[in-house]
Participant: 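One structure coming up, written as structure tokens, with questions to follow.
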Amino acid sequence: MSGLGYRETKMRVLAKDIGQYEGKEISVSGWIHRVRELGQISFLILRDRTGLIQVVCDEKVSETNETVLTIIGEVQANEKAPGGYEIHLKEKTVLAEAASDLPFPVNQDPEKIGIEAILDNRSISLRNPKIKAIFTLQSDLIRYFGDFYRQNGFTEIKSSKLIGHGTEGGTNVFEVEYFDTKVFLAQSPQFYKQTMVSSGMERVFEISHAYRAEKHETARHINEYVSMDVEMGFIESEMDLIQIQKDLMKYMFTQIRKNNQAELDAWGATTPDPELCDKIPVISHDEAKKIVSERLGKRVFDINPEAEREICQWAMEEHGIDLVFINEFPRKKRPFYTYPKGLKTMSYDLVFRGLEITTGGRRINQYRMLQETLPKFGMTEEELGDYISIFKYGCPPHGGFAIGLERLTQKILGLSNVKECSLFPRDRKRITP
RNA sequence: GGAGUUGUAGCGAAGUUGGUUAUCGCGCCGGCCUGUCAAGCCGGAGAUCGCGGGUUCGAUCCCCGUCAACUCCGCCA
């Protein structure tokens with residue numbers, strides 16, 4: 001069967017293409033999305049990965065919804081058909097029957113289905129076109145991210161998710177049995193992407209899972225998420241990273257508007273104006289606290305979720321875009337490897353529509369500075385293992401950032417829970433499907 | 001780890017100031033209808049009202065416990 005792998009089987013025409021076959025007999029395959037019976041005539045709506053096809057039948061349709069069929073028939077143009085074309089049935093072959101006790105109707109608006117039912121029955125809920133749109137967009141987000149960085153001289157890497165020792169701190173990690181010892185699931189590819197900068201590759205990106213053993217239960221957390229990571233050498237400060245992320249956001253929003261209108265429409269969503277990405281405000285952590293305190297009429301000591309929502313409101317009102325960079329985070333709020341700037345750091349967050357989607361910053365690259373810093377965080381060189389040797393033998397100034405893929409997807413489409421943007425989400429309770 | 005809200009049919013919800021056959025929409029089963037667009041119309045099946053205990057003549061409703069889900073906080077992407 002070699003050669004057929006990525007093509008359709010011999011005769012199959014996809015839903016999006018049937019208009020090209022007017023007057024011809026074709027074969028289409030897919031799932032029964034819906035049936036409308038009107039006595040002597042029935043409309044069978046067949047669904048494939050590209051859309052819906054109306055099949056006109058002269059007889060009753062006895063198969064249940066979600067049965068998998070191949071239909072052979074003639075394509076006819078008809079103003080009354082959705083999309084202008086329909087197929088008049090000649091031959092119908094059942095490829096796989098579907099039981100009639102679906103957990104919920106696939107052809108219904110998913111807003112009317114609870115998140116628990118959606119996630120418990122993933123193989124069914126993903127058939128819903130609106131839910132499928134989430135992951136069509138997500139797949140493209142991954143592509144745009146990768147394309148942007150490849151175009152800018154970055155190399156894609158895949159690092160190990162099994163970490164022997166040397167955790168970054170600031171979060172809990174999962175322990176895993178590893179032969180006769182224990183390892184940890186990577187909370188980020190942080191050390192490995194820095195290793196690659198030091199190795200001479202200079203600019204790298206990685207798109208892969210990250211694991212956080214945090215016992216939280218919120219609409220913005222999952223314990224396994226896809227991290228889109230970047231690290232680049234020869235920068236001066238976090239401002240270089242902020243600039244490249246502005247360009248990245250502009251590129252991604254432009255591509256989405258060009259290629260993903262259908263997915264946006266499915267959710268009634270729109271991206272921020274790509275042209276405004278150059279003007280995303282950059283404010284310091286102190287300024288952000290001040291702005292939020294004034295607006296909320298109470299003293300704010302931290303950029304908590306409420307403050308994140310408020311600061312985006314502010315950015316929208318003042319700059320017409322609901323994205324805002326917050327830089328110069330205090331040292332104690334950042335990991336040990338963050339490059340200091342007085343009592344502050346060369347680091348930043350990007351908040352999008354009220355939710356933090358990125359943390360980034362310059363890293364300490366001088367061996368001496370790192371040695372001096374470790375004790376302040378209660379750490380030793382031994383604990384960090386191989387990490388330390390990255391710097392001992394010449395590592396350029398560098399920094400990077402990461403975007404949470406599910407959070408980005410969620411905020412673009414305006415979904416209320418990040419779990420809806422993970423195919424098979426893992427949270428504190430959920431480990432299946 | 002803390003706080004709050006909610007558990008009623010396969011799914012989404014209403015309701016009972018404690019009372020006899022627990023309601024609606026979707027889905028499911030059967031029937032009618034030749035142009036439907038979430039088709040329409042008629043009929044039907046399907047619920048020990050999350051679970052356990054208590055109060056009461058009587059509990060789906062009140063009380064206690066328990067389990068689960070969701071939302072929020074700390075922390076984070």
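Below, each value reflects all heavy atoms present in this structure, side chains not excepted, and no hydrogens, waters or symmetry copies. Below, chain A is the first sequence line, B the second, and so on; all start at residue 1.
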Participant: Below 30° counts as parallel, above 60° as perpendicular, anything between as tilted: where do the rings of A:H285 and A:F329 land?
Facilitator: tilted
Participant: Just compare B:C11, B:G1, B:C37 and give me whichever is closest to any side-chain atom of A:A117.
Facilitator: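 The closest nucleotide is B:C11.
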Participant: Give the rounded distance in Å between these two atoms: CG of A:L89 and P of B:U34.
Facilitator: 18 Å
Participant: Could you let me know what B:G65 is paired to, Watson-Crick or G-U wobble, both distances under 3.5 Å, or none if it's on its own?
Facilitator: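 Paired with B:C51.
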Participant: Does the side chain of A:E406 come under 3.5 Å of the side chain of A:Q410 through a donor N or O and an acceptor N or O?
Facilitator: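 Not at all, the side chains of A:E406 and A:Q410 share no donor-acceptor pair under 3.5 Å.
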Participant: Whether A:D247 and A:K250 form a salt bridge (side-chain N of Lys/Arg under 4.0 Å from carboxylate O of Asp/Glu) is what I want to check.
Facilitator: no
Participant: Measure centre to centre between the rings of A:Y144 and A:F148, then say whether the value is under 6.0 Å.
Facilitator: no
Participant: Checking base pairs now: Watson-Crick or wobble, both atom distances under 3.5 Å. What partners B:C75?
Facilitator: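 The answer is none; no pair meets the criterion.
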Participant: I'd like to check, for A:F43, whether its ring lies over the base of B:G35 with centroids under 5.5 Å apart and a plane angle smaller than 30°.
Facilitator: no
Participant: Using heavy atoms to find the nearest nucleotide of RNA chain B for A:V418 and A:I41 separately, return the residue whose nucleotide is more 5′.
Facilitator: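 So the residue in question is A:I41.
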Participant: Nearest-nucleotide wise, let me know which of A:P105 and A:R334 is further upstream toward the 5' end of RNA chain B.
Facilitator: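 Result of the comparison: A:P105.
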Participant: Could you identify the nucleotide paired to B:G4, looking across every strand shown and requiring Watson-Crick or G-U wobble geometry with both distances under 3.5 Å?
Facilitator: B:C70
Participant: Base, sugar-phosphate alone, or nothing: which one does A:E406 contact when heavy atoms must sit under 4.0 Å apart?
Facilitator: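 Counting heavy atoms under 4.0 Å across all strands, no contact is made by A:E406.
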Participant: Testing the 3.5 Å rule here: is there a donor-acceptor pair between the side chains of A:D286 and A:S284?
Facilitator: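 Side-chain D/A pair, A:D286 to A:S284: absent.
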Participant: Taking atom types as modelled, find out whether A:R334 and A:S347 have a side-chain donor-acceptor pair closer than 3.5 angstrom.
Facilitator: yes
Participant: With no hydrogens and no angle check, do the side chains of A:Y387 and A:Q194 hold a donor and an acceptor under 3.5 Å apart?
Facilitator: yes
Participant: For a quick check under 3.5 Å, do A:T67 and A:T64 share a side-chain donor-acceptor pair by atom type?
Facilitator: yes
Participant: Would you classify A:E308 as touching base, sugar-phosphate or nothing, given that sugar-phosphate means primed atoms plus P, OP1 and OP2, and contacts are heavy atoms under 4.0 Å?
Facilitator: base
Participant: A:I207 CD1 to B:A77 P: how many Å, rounded?
Facilitator: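 Spelled out: CD1 on A:I207 to P on B:A77 is 18 Å.
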Participant: Choosing from B:C28, B:G12, B:G35, which nucleotide comes nearest the side chain of A:N65?
Facilitator: B:C28
Participant: Provide, to the nearest angstrom, the distance between the CG atom belonging to A:L102 and the C1' atom belonging to B:G12.
Facilitator: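 Checked: the CG to C1' distance equals 16 Å.
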Participant: Per the atom types in the model, does the base of B:A77 pair as donor or acceptor with the side chain of A:K411 at under 3.5 Å?
Facilitator: no
Participant: I'd like a table of atom pairs between the protein and nucleotides 69-73 of chain B - only N or O on both sides, under 3.5 Å - with the distance next to each one.
Facilitator:
unit_1: B:A69; atom_1: OP2; unit_2: A:K429; atom_2: NZ; d: 3.1
unit_1: B:U71; atom_1: OP1; unit_2: A:N417; atom_2: ND2; d: 2.6
unit_1: B:U71; atom_1: OP2; unit_2: A:N417; atom_2: ND2; d: 3.3
unit_1: B:C72; atom_1: OP2; unit_2: A:A219; atom_2: N; d: 3.2
unit_1: B:C72; atom_1: N4; unit_2: A:E217; atom_2: O; d: 3.3
unit_1: B:C73; atom_1: OP1; unit_2: A:R309; atom_2: NH2; d: 3.4
unit_1: B:C73; atom_1: OP2; unit_2: A:R220; atom_2: NH1; d: 2.9

Participant: Drop me the distance from A:T136's OG1 to A:I131's CD1, to the nearest 0.5 angstrom.
Facilitator: 12.0 Å
Participant: Could you verify whether a donor N or O on one side chain and an acceptor N or O on the other, from A:Q245 and A:Y348, lie under 3.5 Å apart?
Facilitator: yes
Participant: What's A:D349 touching, base or sugar-phosphate or nothing? Going by heavy atoms closer than 4.0 Å.
Facilitator: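 Result for A:D349 = nothing.
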Participant: Would you indicate which nucleotide in B:C76, B:C37, B:G1 comes nearest to any side-chain atom of A:P82?
Facilitator: B:C37
Participant: A:N223 near the nucleic acid: base, sugar-phosphate alone, or nothing, with a heavy-atom cut-off under 4.0 Å?
Facilitator: nothing
Participant: Taking the side chain of A:Y225 as heavy atoms from C-beta outward, which of B:C32, B:C26, B:A77 is closest to it?
Facilitator: B:A77
Participant: State whether the aromatic ring of A:F104 stacks on the base of B:C11, taking stacking to mean ring centres under 5.5 Å apart and ring planes under 30° to each other.
Facilitator: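 No, aromatic ring not over the base.
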Participant: Identify whether any heavy atom of A:T359 sits under 4.0 Å from a base atom; if not, whether one sits that close to sugar-phosphate; answer base, sugar-phosphate or nothing.
Facilitator: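 Contact class for A:T359: sugar-phosphate only.
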Participant: What nucleotide, of B:C28, B:A77, B:G35, holds the atom closest to the side chain of A:A81?
Facilitator: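 That would be B:G35.
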Participant: Ignoring hydrogens and geometry beyond distance, is a side-chain donor-acceptor pair present between A:Y225 and A:R212 at under 3.5 Å?
Facilitator: yes
Participant: Protein-nucleotides 3-5 of chain B N/O pairs closer than 3.5 Å?
Facilitator:
none

Participant: For A:Q410, report the nucleic acid contact type (base, sugar-phosphate, nothing); a contact means any heavy atom under 4.0 Å.
Facilitator: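 Answer is nothing: A:Q410 stays at 4.0 Å or more from every strand.
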Participant: Please confirm whether the backbone N or O of A:F424 pairs with a side-chain atom of A:R122, one donor and one acceptor, at under 3.5 Å?
Facilitator: no
Participant: Tell me, for nucleotides 39-44 of chain B in 5' to 3' order, what letter each nucleotide earns: B for a base near a protein heavy atom under 4.0 Å, S for only sugar-phosphate near one, - for neither?
Facilitator: B-----
Participant: Salt bridge or not between A:E224 and A:R430? Use side-chain N to carboxylate O under 4.0 Å.
Facilitator: no
Participant: Should B:C26 form a Watson-Crick or G-U wobble pair with both distances under 3.5 Å, which nucleotide is its partner?
Facilitator: B:G10
